[in-house]
Structures are given as structure tokens and as C-alpha cells.
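Below is one structure; the comments refer to it alone.
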Amino acid sequence: MLATVFYPFAILATLAAVMVVFAKNSVRAVLWLVLCFFATAVLWLLLEAEFLAITLVLVYVGAVMVLFLFVVMMLDVERAAVQAKFITYLPVGLLVAGSVIAGLIWALSSKSFSEYTIVPSMDMTVNNIKLLGELLYTKYLFEFEVAGILLLVAIVSAISLTFRGSQGSKKQQLSRQVSATKASRLKVLGDDEL
Amino acid sequence: MIPLSHYLIFSAVLFGLSLAGFFINRKNLLIFLMCIELMLLAVNTNLIAFSHYYQDLSGQIFVFFVLTVAATESAIGLAILVVLFRQRRTIDVRSLDALKG
């Protein structure tokens with residue numbers, strides 16, 4: 001029964017990942033990535049990681065992918081993708097990806113990994129969020145606080161990179177008013193210019 | 001019943017596909033950032049699968065922090081992309097050749 005959920009969603013996630021690279025425009029690529037995340041969240045639910053699956057959907061899809069869509073909307077992305085150059089890099093990409101995948105599959109198909117089967121224990125008394133909280137706030141408290149500081153650094157750096165000041169507001173700028181000289185404000189016309 | 005190796009193979013395939021996306025992508029930098037997200041997703045799946053294998057929740061805690069860092073670098077990467085677009089008026093990968101590399 002578990003296999004009827006795992007294999008379709010795994011294949012769906014893989015196909016969505018392929019379509020992210022080959023999509024025609026950027027909005028479609030972002031939406032294919034969203035589909036890939038949803039399918040992977042289902043796979044994480046099968047691994048009894050309920051909190052992380054919901055966090056993936058809420059935080060990653062709901063915030064980060066929406067941020068991607070905002071940026072795609074703001075930037076004037078060229079529609080005309082050069083398809084000719086696409087083909088010249090396709091063999092290199094497939095060669096690299098193929099060798100990495102082949103190496104990883106050879107390493108990961110060892111006997112000890114194949115013997116263990118994922119059997120979710122249908123234990124309703126075990127609460128994933130409670131156990132994660134017990135671990136996160138006691139044993140990994142320092143890392144948790146550091147993650148909070150990291151998020152603060154992200155906010156500060158994103159704003160300091162992109163903020164240009166309030167443009168178009170007619171405020172007094174005292175430094176400019178005080179530094180005005182007679183030469184910059186007054187032009188005396190001679191008789192020949194009149 | 002699904003062997004653990006099938007989850008690991010899935011995450012390996014996802015990782016390799018995002019690597020291929022790096023090489024094949026000649027359109028714009030946004031696909032580049034999305035391939036980074038795919039790589040992180042593959043690594044997270046691997047971590048959660050092993051967390052189930054060892055019956056240890058530390059893998060899931062690590063995924064929690066990887067998600068945090070991934071969100072952080074997406075936000076900052078997109079901010080850099082926006083500033084780049086303001087300067088160059090394009091986010092074509094081929095136009096980033098000022099270092100002649």
C-alpha cells in the first residue's frame with residue numbers, strides 16, 4: 001500500500017524537476033518547482049516527518065517560492081530563450097549528471113540500505129512535533145538561537161542591498177540647502193545674451 | 001514496503017538533475033537559483049530517510065536548520081539578482097562575462 005503512494009509521487013517529483021530546467025518561461029519553471037516540493041512533502045510524510053513536510057509546504061513553497069514569483073514578476077525576463085546554444089550544453093550536462101547519479105546509485109544500493117524497509121509505525125501516541133520540540137529546545141538550543149540570528153542577518157542584508165531610499169518624496173534636505181553657493185544658484189546674464 | 005535505498009536513489013536522481021540544470025541552463029539566473037533549491041531538497045530527503053533508518057530525530061533537526069539556511073540564501077540571492085538587474089538591465093547568464101572567465 002505504501003508503494004502505491006511512494007512510486008507515483010517520486011516519479012512526479014522527478015518529472016517536475018526535469019521540467020524546471022526545460023520549461024519555456026520562468027513562471028512555469030517556478031510552478032514546476034512548486035509541484036516538485038509538494039510531491040516531496042508527500043514523500044516526507046511517508047517517512048513520518050510530519051512537521052517537516054508541513055513546514056516545507058508552508059515555509060518553502062509558501063514564502064520562498066512566492067518570493068521567486070515576485071522577483072520573476074518584477075524583472076523583465078527575456079522571453080526569447082536561445083534554443084541553439086541549449087543543445088550544445090546538453091551533452092555535457094547529461095554526462096555530468098549521469099556520472100554523478102550513477103556513482104551515487106552504486107554507492108547507495110549497498111546491502112545494508114536495501115535490507116531496511118521503511119515501515120511507518122502506525123503509533124498514534126507518538127507526536128512528531130512534541131519530540132522535535134523536546135530535542136530542539138534542550139539539546140540543540142544553541143543552534144536554534146544561531147538560526148534565529150541568521151534569519152536576522154538575512155533580513156538586514158536583503159534590505160541593505162536593495163533599499164534605495166524613499167524616492168520621489170519632496171523632503172527638505174538641509175545639507176543641500178546649506179551647501180548651496182551663489183555661483184550655483186545665480187547666473188548673471190550679460191548684455192549680449194539678452 | 002519500500003527499501004531505504006529507493007529513497008536514497010530518488011534523492012540522488014534529484015541531485016543529479018539539478019546538477020544537469022546548472023550546465024544546461026543558458027536562459028537566466030533564476031533557473032540557477034531554482035536548481036540550488038532542488039539540490040537542497042535532495043539533500044533534505046536524504047537526511048530524513050537516514051533519520052528514519054537510525055530512528056534518531058537528529059536528522060530531522062538538521063533538515064530544520066537546512067531549511068532555514070536555504071530560505072536565507074534564497075532571500076539574499078534574489079536581492080543580489082534584483083540589484084544586478086538594476087545595474088545591467090538583464091539577467092542573462094551569458095552577459096555576466098566581465099571577468100572574462
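Letters A, B, ... are given to chains in the order of the sequence lines, protein chains preceding strands, and every chain is numbered from 1.
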(message) Which one wins on heavy-atom pair count under 4.5 Å against chain B: A/Trp44, A/Phe51, A/Phe70?
(response) A/Trp44

(request) Answer with side chain, backbone, both or neither: which region of A/Ile11 has an atom nearer than 4.5 Å to a non-hydrogen atom of chain B? (result) neither

(request) Would you please test A/Thr117 and B/Leu4 for side chain to side chain contact (heavy atoms under 4.5 Å, CB included) and show each step? (result) CA-CA 6 Å; A/Thr117 56; B/Leu4 175 73; over 6 Å; no

(message) Rounded to the nearest 0.5 Å, what separates atom CZ in A/Phe22 from atom CD1 in B/Ile31?
(response) 11.0 Å

(request) Below 4.5 Å from any heavy atom of chain B, which atoms of A/Tyr60 appear? Answer side chain, backbone, both or neither. (result) side chain

(request) Determine, using the 4.5 Å side-chain heavy-atom cutoff (strictly less than), whether B/Phe32 and A/Leu31 are members of one ILVMFWY cluster. (result) yes

(request) Using the side chain to side chain contact (heavy atoms under 4.5 Å, CB included) rule, take B/Leu17 and A/Val18 through it: C-alpha gap first, then chi angles, then the decisive distance, then the call. (result) CA-CA 7 Å; B/Leu17 281 174; A/Val18 169; 3.7 Å; yes

(request) Verify the neighbour count for atom CZ of B/Arg88: are there more than 12 heavy atoms of other residues, nucleotides or ligands below 6.0 Å? (result) no

(message) Looking at chain A, which one of B/Tyr53, B/Phe15, B/Phe22 has the largest number of heavy-atom pairs inside 4.5 Å, strictly under?
(response) B/Tyr53

(request) Assess whether atom CD of A/Gln172 is packed by more than 12 heavy atoms of other residues, nucleotides or ligands within 6.0 Å. (result) no

(message) With heavy-atom distances below 4.5 Å as the criterion, would you say the side chains of A/Trp32 and B/Met34 are in contact?
(response) no

(request) Quick one: pull up CG in A/Leu161 and CG in B/Leu81 and give me the separation to the nearest 0.5 Å. (result) 11.5 Å

(request) Let me know if B/Phe64 has heavy atoms under 4.5 Å from chain A in its side chain, its backbone, both or neither. (result) both

(request) Establish, yes or no, whether a centroid distance under 6.0 Å links the rings of A/Phe113 and B/Phe50. (result) yes

(request) Any chance you could measure A/Ile105, atom CD1, to B/Ser5, atom OG, to the nearest 0.5 Å? (result) 10.0 Å

(message) How long is the straight-line distance from CD of A/Glu143 back to CZ of B/Phe62, given to the nearest 0.5 Å?
(response) 9.5 Å

(request) Select one option (side chain, backbone, both, neither) describing which atoms of A/Leu43 are under 4.5 Å from chain B's heavy atoms. (result) both

(request) Kindly give the heavy-atom pair with the smallest separation between A/Ala97 and B/Ala20, and that separation in Å. (result) CB-CB, 3.5 Å

(message) Does any backbone or side-chain atom of A/Thr162 lie under 4.5 Å from a heavy atom of chain B? Answer side chain, backbone, both or neither.
(response) both

(request) Report the option among B/Val69, B/Asn44, B/Ile80 that has the most heavy-atom pairs separated by less than 4.5 Å from atoms of chain A. (result) B/Asn44

(message) When you compare the side chain of A/Leu151 with that of B/Thr72, does any pair of heavy atoms fall below 4.5 Å?
(response) yes

(message) I'd like to check A/Leu33 versus B/Leu38 (side-chain heavy atoms, cut-off strictly below 4.5 Å). Are they in contact?
(response) yes

(message) Rounded at 0.5 Å granularity, tell me how far CD in B/Gln60 sits from CD in A/Glu50.
(response) 8.0 Å

(request) Flag yes if A/Phe142 and B/Val66 sit in one hydrophobic cluster, no otherwise; membership is Ile, Leu, Val, Met, Phe, Trp, Tyr, and two members link when side-chain heavy atoms are under 4.5 Å apart. (result) no

(request) Provide the closest heavy-atom pair for B/Leu14 versus A/Ala13 in the form atom of the first, atom of the second, distance. (result) CD1-O, 4.1 Å

(message) Aromatic contact between B/Tyr7 and A/Phe6, with the criterion being ring centroids under 6.0 Å apart: yes or no?
(response) yes

(request) Could you pull out the closest heavy-atom pair between B/Gly16 and A/Ile101, with the gap in Å? (result) CA-CG1, 3.6 Å

(request) Group every Ile, Leu, Val, Met, Phe, Trp and Tyr by side-chain heavy-atom contacts under 4.5 Å, then state whether A/Leu35 and A/Val5 land in the same group. (result) yes

(request) Give, as side chain, backbone, both or neither, the part of B/Ile2 having an atom under 4.5 angstrom from any heavy atom of chain A. (result) both

(request) Check each atom of B/Leu40 against the heavy atoms of chain A and say whether the ones under 4.5 Å are side chain, backbone, both or neither. (result) side chain

(request) Under 4.5 Å heavy-atom distance to chain A, tell me which part of B/Leu8 shows up: side chain, backbone, both or neither. (result) both

(message) Among B/His52, B/Glu37, B/Glu73, which residue has the highest count of heavy-atom pairs closer than 4.5 Å to chain A?
(response) B/His52

(request) Measure across B/Cys35 and A/Val21 and return the closest heavy-atom pair with its distance rounded to 0.1 Å. (result) SG-CG2, 4.3 Å

(message) Are A/Leu15 and A/Leu12 connected into the same hydrophobic cluster when the rule is that any two of I, L, V, M, F, W, Y join if their side-chain heavy atoms are below 4.5 Å apart?
(response) no

(message) Side-chain heavy atoms nearer than 4.5 Å, only ILVMFWY residues, links allowed to pass through others: does that put A/Ile54 and B/Leu41 together?
(response) no

(request) Please test B/Phe23 against A/Leu90 for side chain to side chain contact (heavy atoms under 4.5 Å, CB included), starting from the C-alpha separation and ending with a verdict. (result) CA-CA 7 Å; B/Phe23 285 97; A/Leu90 191 61; over 6 Å; no

(message) Is A/Val96 in contact with chain B via its backbone, its side chain, both, or neither, using a 4.5 Å heavy-atom distance?
(response) side chain

(request) Mind ranking A/Leu132, A/Val146, A/Leu94, A/Ile159 by heavy-atom pairs under 4.5 Å with chain B and telling me who comes out on top? (result) A/Leu132

(request) Considering only heavy atoms and a distance below 4.5 Å, find which of B/Ile76, B/Ile48, B/Ile9 pairs most often with chain A. (result) B/Ile48

(message) Need one label for A/Ala23: side chain, backbone, both or neither, based on atoms under 4.5 Å from any heavy atom in chain B.
(response) backbone

(request) Using a cut-off of under 4.5 Å on heavy-atom pairs, state which of B/Ala75, B/Ala71, B/Ser58 scores highest against chain A. (result) B/Ser58

(request) Pick one of side chain, backbone, both or neither for A/Phe144, based on which atoms fall under 4.5 Å of a heavy atom in chain B. (result) both

(request) Report the option among A/Ala17, A/Ser114, A/Ala3 that has the most heavy-atom pairs separated by less than 4.5 Å from atoms of chain B. (result) A/Ser114

(request) Kindly compute the distance separating OG (B/Ser51) from CG (A/Leu47), expressed to the nearest 0.5 Å. (result) 8.5 Å

(message) For the interface with chain A, which of B/Leu78, B/Leu19, B/Val83 has the highest count of heavy-atom pairs at distances below 4.5 Å?
(response) B/Leu78

(request) Determine, step by step, whether A/Thr55 and B/Val63 satisfy the side chain to side chain contact (heavy atoms under 4.5 Å, CB included) criterion, reporting the C-alpha distance in whole Å, the side-chain angles of both residues, the deciding distance to 0.1 Å, and the verdict. (result) CA-CA 11 Å; A/Thr55 303; B/Val63 169; over 6 Å; no

